[in-house]
Amino acid sequence: MEHISGSELIKELTLSELEAAVGSDITVCACVHKIRKMGSFTFVILRTGKYLIQTVYTPDSCEGDFGRVCMGAYIKVSGAVVKEPRAVNGYEITLKSIEILSLPAAEYPLKVGDRTLGCTLEVNLEHRSVALRHPLKRAVFKISEGVVSGFREFMLSQNFTEIHTPKICAAAAEGGANIFKLKYFGQDAVLAQSPQFYKQTCVAFYDRVFEIAPVYRAEKHNSTRHLNEYIGLDFEMGFIKDMSDVMQMETAMLRHVTEVLKRDYSYELKMLGAQLPEIKEIPAVTFFEALEILGKEPNQFDLDPTDEVKLCEYAKEKHGSEFIFVTRFPGAKRPFYAMDSKDDPKLAESFDLLFRGLEITTGGQRIHDYNEQVAKLARYNMTPEELGPYLDIHKYGMPPHGGLGIGLERLVMKLLGLDNIREASMFPRDMHHLNP
């Protein structure tokens, strides 16, 4: 595919292009990442949109106003490319000309040019637009890009249709108190907790759909694993035999995502020291089997964070897997649209996927029969009038179907071994952060 830049002059450099230019001149537009004065010459490390490039300035061989060049300046340079194994990425440019394009009005408040940023997460978030200029910090979001790209690529290959659903809604998909409420031209509205209602609707006419979009949860958590706005990777598929079809689709998708990351993002993975999981078959246990493994009495209805860690340790030791499915949760803790298990109506055909000690997915089979859904609403003390448009999809016919939602930031957090989910969110939104 032809690369089109903002002008006819410059495009984003790749390492292969640098290699091809060895022995000849090249022109680069970049930001000054670091300056190291060495006596008779100066190293100027440039930061492009992906790479760091070492350049060498000497007064006798370079034209331009080098005296004003500083960290954070955006410049256009030309020079001869040489191989230099000691340089970052193995190449160096001997500068012949420098043109200043833009100068900062203030110095960086963070040590962007150092090997690590060396500040607390809170300081990082306070100066987020500067922190993300650090190569290690911005590499995290290239991995996010890779996960999203791999997810989309896989879904399209399996004949899923990409959809875009409203985020301002009349009713909440999950119910409960964790809803952001707002006024919409005099009416009550909420921010979408999930695209659940809409993706089920779309199954009626597309069979298979997926969406990549924000999700909003008004949970008053201040933990390392919760955000109030995150990116959901959702899919819904029709004509399933049971929820195992959804689980198998997710397993295949995760395999594909890791292959995309290995293929296209090895530079960032190496920089971040990330170890990708080997995904073969993902083991599955029922909720009550999980309690037995944990040595717990069968008198709880959900898993706590410690349980999730221990179950992943079990999966790693017993099955050599960093993932484990937990299925058939007690229905009382699952949404009203979750299908009841046929052999035990107190259980739901619903599952979680745990990865490296953290739940990253919730999914399952949905109710498709109108009368069954109305009956379950009554058990949840809800009325059909509350969910009229949603029930229309059941009233006019639905195939057996199911799906899931994955938290992008949680998945990236665990893929990269990050300590806090805010590190995997470009501009995190939680109880204490509404800016930048």
Side-chain angles (χ1 to χ4, degrees), residues 49 72 104-114 116-148 165-169 172-174 176-184 189-195 211-234 268 272 274 304-305 308 355-362 405-436:
E107 292 184 6
Y108 289 151
L110 303 176
K111 297 178 180 179
V112 173
D114 286 3
T116 62
L117 204 51
C119 67
T120 65
L121 179 59
E122 194 54 43
V123 172
N124 176 317
L125 297 180
E126 181 183 352
H127 301 288
R128 195 62 168 159
S129 66
V130 175
L132 291 172
R133 301 174 196 222
H134 192 280
L136 292 179
K137 300 307 177 184
R138 68 176 184 176
V140 170
F141 301 101
K142 291 297 290 183
I143 299 301
S144 292
E145 173 194 90
V147 171
V148 169
T165 65
K167 302 304 159 208
I168 301 175
C169 305
E174 309 296 335
N178 59 341
I179 305 167
F180 284 111
K181 298 179 180 179
L182 66 153
K183 285 294 182 182
Y184 188 73
V190 299
L191 290 180
Q193 296 170 301
S194 160
E211 182 171 31
I212 304 163
V215 175
Y216 301 91
R217 301 288 173 100
E219 297 166 326
K220 294 184 178 180
H221 291 301
N222 190 26
S223 76
T224 59
R225 53 192 270 156
H226 289 95
L227 292 170
N228 295 110
E229 178 185 50
Y230 65 89
I231 300 300
L233 309 178
D234 278 83
E268 288 81 11
L272 294 166
D304 62 37
E308 294 173 1
F355 173 45
R356 293 179 178 170
L358 182 65
E359 173 219 312
I360 60 165
T361 300
T362 296
I406 303 170
L408 173 63
E409 291 85 352
R410 284 193 175 193
L411 178 54
V412 171
M413 173 187 174
K414 286 300 175 180
L415 284 171
L416 300 181
L418 304 176
D419 294 326
N420 194 304
I421 196 168
R422 291 159 187 79
E423 296 179 77
S425 176
M426 188 169 283
F427 300 103
R429 291 293 176 259
D430 59 29
M431 288 171 54
H432 306 294
H433 296 97
L434 191 55
N435 277 308

Please report the interatomic distance [atom1]([X]) to [atom2]([Y]), rounded to the nearest 0.5 Å.
X: R410; Y: L415; atom1: CZ; atom2: CG; result: 14.0 Å
X: L233; Y: T361; atom1: CG; atom2: OG1; result: 8.5 Å
X: T165; Y: K167; atom1: OG1; atom2: NZ; result: 3.0 Å
X: L191; Y: I168; atom1: CG; atom2: CD1; result: 7.0 Å
X: L418; Y: T224; atom1: CG; atom2: OG1; result: 11.0 Å
X: H134; Y: T116; atom1: NE2; atom2: OG1; result: 6.0 Å

Looking only at heavy atoms, what is the nearest atom pair of [X] and [Y], with distance?
X: L358; Y: K414; result: CB-CE, 3.6 Å
X: L227; Y: R422; result: CD2-CG, 4.0 Å
X: R429; Y: N435; result: NH1-N, 3.9 Å
X: V140; Y: A424; result: CG1-CA, 4.1 Å
X: M426; Y: F141; result: N-CE2, 3.2 Å
X: N124; Y: A131; result: OD1-CB, 3.4 Å

Donor-acceptor pair, [X] side chain versus [Y] backbone, under 3.5 Å?
X: E409; Y: I231; result: yes
X: D430; Y: H432; result: yes
X: N420; Y: E423; result: no
X: E211; Y: P195; result: no
X: R217; Y: Q193; result: yes

For this session: Please test F427 against L132 for side chain to side chain contact (heavy atoms under 4.5 Å, CB included), starting from the C-alpha separation and ending with a verdict.
Result: CA-CA 10 Å; F427 300 103; L132 291 172; 4.0 Å; yes

Problem set entry | Carboxylate-amine/guanidinium proximity below 4.0 Å for E308 and R225 | yes

Within-4.5 Å side-chain heavy-atom neighbours: [X] and [Y]:
X: L136; Y: L117; value: no
X: E268; Y: R138; value: no
X: S425; Y: E229; value: no

Exercise. Hey, mind stepping through V147 and L408 against side chain to side chain contact (heavy atoms under 4.5 Å, CB included) and telling me if it holds?
Worked result: CA-CA 8 Å; V147 171; L408 173 63; 3.6 Å; yes

Problem set entry | Heavy atoms from other residues, nucleotides or ligands near OH of Y184 exceed 12 (cutoff 6.0 Å) | no

Problem set entry | Audit row: R133, H127, side chain to side chain contact (heavy atoms under 4.5 Å, CB included) steps and yes/no | CA-CA 11 Å; R133 301 174 196 222; H127 301 288; over 6 Å; no

Problem set entry | Residue among K220, H221, H226 satisfying side-chain contact (heavy atoms from CB on, under 4.5 Å) with M431 | K220

For this session: Go through the steps for F180 and N228 under the test side chain to side chain contact (heavy atoms under 4.5 Å, CB included), then give the verdict.
Result: CA-CA 9 Å; F180 284 111; N228 295 110; 4.0 Å; yes

